[in-house]
Amino acid sequence: MQTPVPEYLAHVIDQCENNQTGKLADYIPELAHANPDQVALAMSTVDGQIYAVGDEDIEFTIQSMSKPFTYAYVLQQLGLDEVLDKVGVEPSGEAFNEISLGHDKRPKNPMINSGAITTHSLIPIKDQLESAEIIRRFMSELAGRELCFDEAVYASEIKTAYRNLSIGYMLRTVGILETDPVDIVNGYIRQCSILVTVKDLVKMGSILANGGIDATTGKRLLNRDVVRQVLSVMMSCGMYDAAGDWLTTVGIPAKSGVAGGILGVLPGQVSIAAFSPRLDEHGNSVRGIEMMERLSRDMGLHLMEGTPSAQTIVQSHYRTGKNASTSIYVLRGVLKFTEAEMLLRIFQGEAVDESTIVIDLTQISLIHDVGKRMFLEGVDRLIDDGHSVLLVDPEQRLEQARTHKDRVLHVYQNMDELLEK
Ligand code: GLN
């Protein structure tokens, strides 16, 4: 059989294709040459499966969707405090290109131009590369292919960059920018001119959705706390003065760009990218919003619709052996605080005696740090009660399986190995 996901995505495109409202961005003259009817949609799962339909191979400039990635880059390089010194995290409720600052003189957030120009100025220069080239390389690594600049769009935006230049001079006046604002604005505009397809965007987004790890290579590209910071800011500020509307209707951390792209990232689940060039009054793609709204509604992707996961932590529990003295727990899903709490509550039901408890972690897909700590604490307490505890974990995710009381647990590769003993 074939998965219906691509057909479903194509259906979403069909449904929005009649919508011809909105206008091309024309303050960047080159963008006014885009074909307004183009439309594409892509989705990536956290394990790296990409689905894409429509004009999926059409390249367009990333524009403001570059902002979260540059923010991620500088956070990764400099740490949160140094970045927070220069750029805030409050939604501005203003247009993306507003010439304004917060009361403390910092730009309100890194998703509007003033914040993004500031973020760009923080890129540590290495190997004498230009700042935009450093970002192009970083984004290429996330996308898993070599991305290029669109020289025509870059040149066109530079020619009419009066507004971004005034923002640059304002930032320089208050000392937020510490070097020549013209160079920094140039670099920022070049960063915005990187060409991507919806497939590139979902690939880049999937690394954020996957907590910073590239699922196809297994390589960690961003720290978990960096990803959390970036997604939080995307959630509150990514859609500018339409952020509240977006949060209630779509509920997916997202970022739009004036070439018509929107990238949404749902932590732990999917990344979605939509593209169609006509924009609404906020500078967000009209069809892009419509497609994202539909996907969120139809597939229950709204962040606030989180389903309780803990109920499934114990997939099965049975007793075996002489006098049913061995208790076997088969676990499933993700082991975080809520699941660990539920599990330890279930373990409370084990009588204080010398019976054996087997815990099979084979089907646990992720063990969060707090989940691991609580789990090992629970094991210690079971042992204190007189039980012997045996674990099955083929991936050895508890590392040395050393409990807080420094007991080293025996970990079996699989149930068969354990039963042989
Ligand atoms: N390069 C564009 C600008 O600075 C990006 C804006 C956007 O995509 N919203 O105006």
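Fair warning: this is a prediction, and the values are worked out from it, not measured in the lab. Note that ligands are numbered from 1 as they come in the structure, with each ligand's atoms numbered from 1 the same way.
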Distance dump, ligand 1 polar atoms to protein, N/O, under 3.5 Å:
residue, atom, partner, partner atom, Å
ligand 1, 1 (N), Gln63, OE1, 2.6
ligand 1, 1 (N), Glu157, OE1, 3.0
ligand 1, 1 (N), Glu157, OE2, 2.8
ligand 1, 4 (O), Asn113, ND2, 3.0
ligand 1, 4 (O), Glu157, OE2, 3.4
ligand 1, 4 (O), Asn164, ND2, 2.9
ligand 1, 4 (O), Tyr188, OH, 2.7
ligand 1, 8 (O), Ser64, N, 3.0
ligand 1, 8 (O), Ser64, OG, 2.7
ligand 1, 8 (O), Val258, N, 2.8
ligand 1, 9 (N), Ser64, OG, 2.8
ligand 1, 9 (N), Tyr240, OH, 3.0
ligand 1, 10 (O), Tyr27, OH, 2.5
ligand 1, 10 (O), Asn113, ND2, 3.4

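- Between Phe96 and Tyr240, the ring center distance clears the sub-6.0 Å criterion.
- Looking only at side-chain heavy atoms (C-beta outward), Thr70 and Gln191 come within less than 4.5 Å of each other.
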Handout entry: Working for side-chain contact (heavy atoms from CB on, under 4.5 Å), residues Thr197 and Glu56
Key = CA-CA 6 Å; Thr197 66; Glu56 56 182 86; over 6 Å; no
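- Contacts of Gln15 classified as side chain to side chain contact (heavy atoms under 4.5 Å, CB included), with partners at least two apart in sequence or in another chain: His11, Arg294.
- A distance of 6.0 Å or more separates the ring centres of Tyr318 and Tyr329.
- Aromatic ring centroids of Phe275 and Phe60 lie under 6.0 Å apart.
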